[in-house]
Amino acid sequence: MTARPHVVLSAAMSVDGYLDDTSPERLLLSNSADFDRVDQVRAESDAILIGATTMRKDNPRLLVNSDERRAQRVADGKPEFPLKVTVTKSGGLSADLKFWHHGGAKLVVTVDDAVEKVRATLGDLADVVSVGPELDWGLVLDELGCRGVKQLMVEGGGTIHTQLMAAGLADELHLAVAPLLVGQAAAPKFLGAADYPGGSTSRMRLLEARAIGDVVLLRYAPKERS
């Protein structure tokens with residue numbers, strides 16, 4: 001059986017756990033040094049995944065920005081850019097989003113009821129595959145493993161982070177904690193309510209704690225619990 005990828009969840013959040021505020025503009029939580037760190041993790045990954053809601057809201061290009069890092073990927077025999085992946089149950093995607101028009105190969109993982117809708121919308125902008133009648137994250141990872149993805153970087157949003165953590169499928173958690181307080185109940189949070197493995201007393205192993213300017217990077221191993 002093909003091995004599933006090593007799954008890295010990456011997020012920047014406020015001290016009170018929010019990914020953004022409710023304003024129309026994206027809240028910049030990280031600093032330039034941490035954005036560069038994220039770029040390095042992207043360059044080290046075989047695929048980067050975001051949810052369709054995050055794509056619609058933030059309209060990111062989701063690229064490796066460093067020329068040197070892209071050149072190193074090519075020198076290592078890899079594509080210049082990691083595979084860009086999104087998941088959708090509704091199929092509600094627009095072909096005008098930046099995600100489709102920058103970088104290298106793109107993949108949409110969806111369900112049986114939406115697969116033809118997505119193909120009709122995107123045409124040859126992306127490969128589109130269904131994992132069955134329901135969105136099963138184990139099957140999503142199996143599909144990526146079959147495509148040669150050894151490391152998957154997941155950049156949100158909160159619903160996807162919650163689902164992967166609750167399913168026990170995250171291998172690493174990278175949290176950049178910014179010295180900001182959002183305090184808005186309607187703003188998106190890093191994690192929502194869920195039945196997490198081990199319950200509220202199960203402690204994850206800390207891999208690293210590092211100050212990056214005024215941001216603190218915390219790296220945890222979610223599958224290693226005491």
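For the pair D20 (side chain) and L27 (backbone), a donor-acceptor distance under 3.5 Å is present. Between the side chain of D39 and the backbone N or O of S66 there is at least one donor-acceptor pair closer than 3.5 Å. Between the side chain of H161 and the backbone N or O of G192, no donor-acceptor pair lies under 3.5 Å. Under a 3.5 Å cut-off, the side chain of R70 and the backbone N or O of N65 do form a donor-acceptor pair. Between the side chain of N31 and the backbone N or O of I212 there is at least one donor-acceptor pair closer than 3.5 Å. A donor-acceptor contact shorter than 3.5 Å links the side chain of T110 to the backbone of T88. Without hydrogens or angle criteria, D127 side chain to L107 main chain gives no donor-acceptor distance under 3.5 Å. Between the K150 side chain and the D46 main chain, no donor and acceptor come within less than 3.5 Å of each other.
When side chains are defined from C-beta on, F81 does not count as touching L62, because their heavy atoms never get closer than 4.5 Å. Looking only at side-chain heavy atoms (C-beta outward), P5 and L141 come within less than 4.5 Å of each other. Side-chain contact between V182 and K189 is absent, with no heavy atoms from C-beta onward closer than 4.5 Å. Residues F190 and V177 fail the side-chain proximity criterion, which asks for heavy atoms closer than 4.5 Å. Side-chain contact between L169 and Q163 is absent, with no heavy atoms from C-beta onward closer than 4.5 Å. At least one side-chain heavy atom of L125 sits under 4.5 Å from a side-chain heavy atom of H101. Side-chain contact between T162 and Y196 is present, with heavy atoms from C-beta onward closer than 4.5 Å.
No hydrogens or angles considered: a donor-acceptor pair under 3.5 Å links the side chains of Q151 and S45. Side chain to side chain, E68 and Q72 fail the donor-acceptor criterion of an N or O pair below 3.5 Å.
Clustering ILVMFWY residues whenever any of their side-chain heavy atoms sit less than 4.5 angstrom apart, transitively, puts L206 in a cluster other than the one holding L217. Both L173 and L49 belong to a common hydrophobic cluster when Ile, Leu, Val, Met, Phe, Trp and Tyr are linked at side-chain heavy-atom distances under 4.5 angstrom. Under the 4.5 Å side-chain heavy-atom criterion for grouping Ile, Leu, Val, Met, Phe, Trp and Tyr, V87 is not connected to I48 through any hydrophobic cluster. Residues V85 and L164 share a hydrophobic cluster, clusters being chains of Ile/Leu/Val/Met/Phe/Trp/Tyr side chains in contact below 4.5 Å. Hydrophobic clustering of Ile, Leu, Val, Met, Phe, Trp and Tyr side chains at less than 4.5 Å, counting indirect connections, keeps L63 apart from L152.
Enclosure of atom NZ in K57 by more than 12 non-hydrogen atoms of other residues, nucleotides or ligands within 6.0 angstrom is indicated. Atom NZ of K223 sits in a crowded spot, with more than 12 heavy atoms from other residues, nucleotides or ligands closer than 6.0 Å. Other residues, nucleotides and ligands place more than 12 heavy atoms under 6.0 Å from the CD atom of E208.
If you take CG on L191 and OG1 on T159, they are separated by 10.0 Å, rounding to the nearest 0.5 Å. We find the CG-CG distance between D16 and L180 to be 9.0 Å, quoted to the nearest 0.5 Å. Atom CE in M55 sits 6.5 Å away from atom CG in L97 (nearest 0.5 Å). Separation of atoms CD (E172) and CD (E224) is listed at 9.5 Å; rounding is to 0.5 Å. Atoms CZ and CZ, on R42 and R37 in that order, are 10.5 Å from each other to the nearest 0.5 Å. If you take CD on E80 and CG on D67, they are separated by 8.5 Å, rounding to the nearest 0.5 Å.
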### Test log, rule side-chain contact (heavy atoms from CB on, under 4.5 Å), inputs V129 and R147
CA-CA 12 Å; V129 63; R147 292 171 180 260; 4.3 Å; yes

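Closest of all the heavy-atom pairs between W100 and K106 is O-NZ, 3.2 Å. Annotation for T121 and L93: closest pair CG2-O, 3.2 Å, computed over non-hydrogen atoms. When all heavy atoms of Q184 and D21 are compared, the pair lying nearest together is OE1-CB, 3.3 Å. Nearest heavy atoms, K98 versus N59: N-OD1, 2.9 Å. Closest non-hydrogen pair, A52 versus T86, comes out as N-OG1, 3.4 Å. Between T2 and C146, the closest heavy-atom pair is CG2-N, 3.7 Å.
Ion pair R73/D76 not flagged as a salt bridge, since none of the NZ, NE, NH1 or NH2 atoms sits closer than 4.0 Å to an Asp/Glu carboxylate oxygen. Salt bridge annotation for R4-D142: present, with a cationic side-chain nitrogen under 4.0 angstrom from a carboxylate oxygen.
Within the cation-pi definition used here (under 6.0 Å to the ring centroid, within 45° of the axis), K84 qualifies as a partner of F99.
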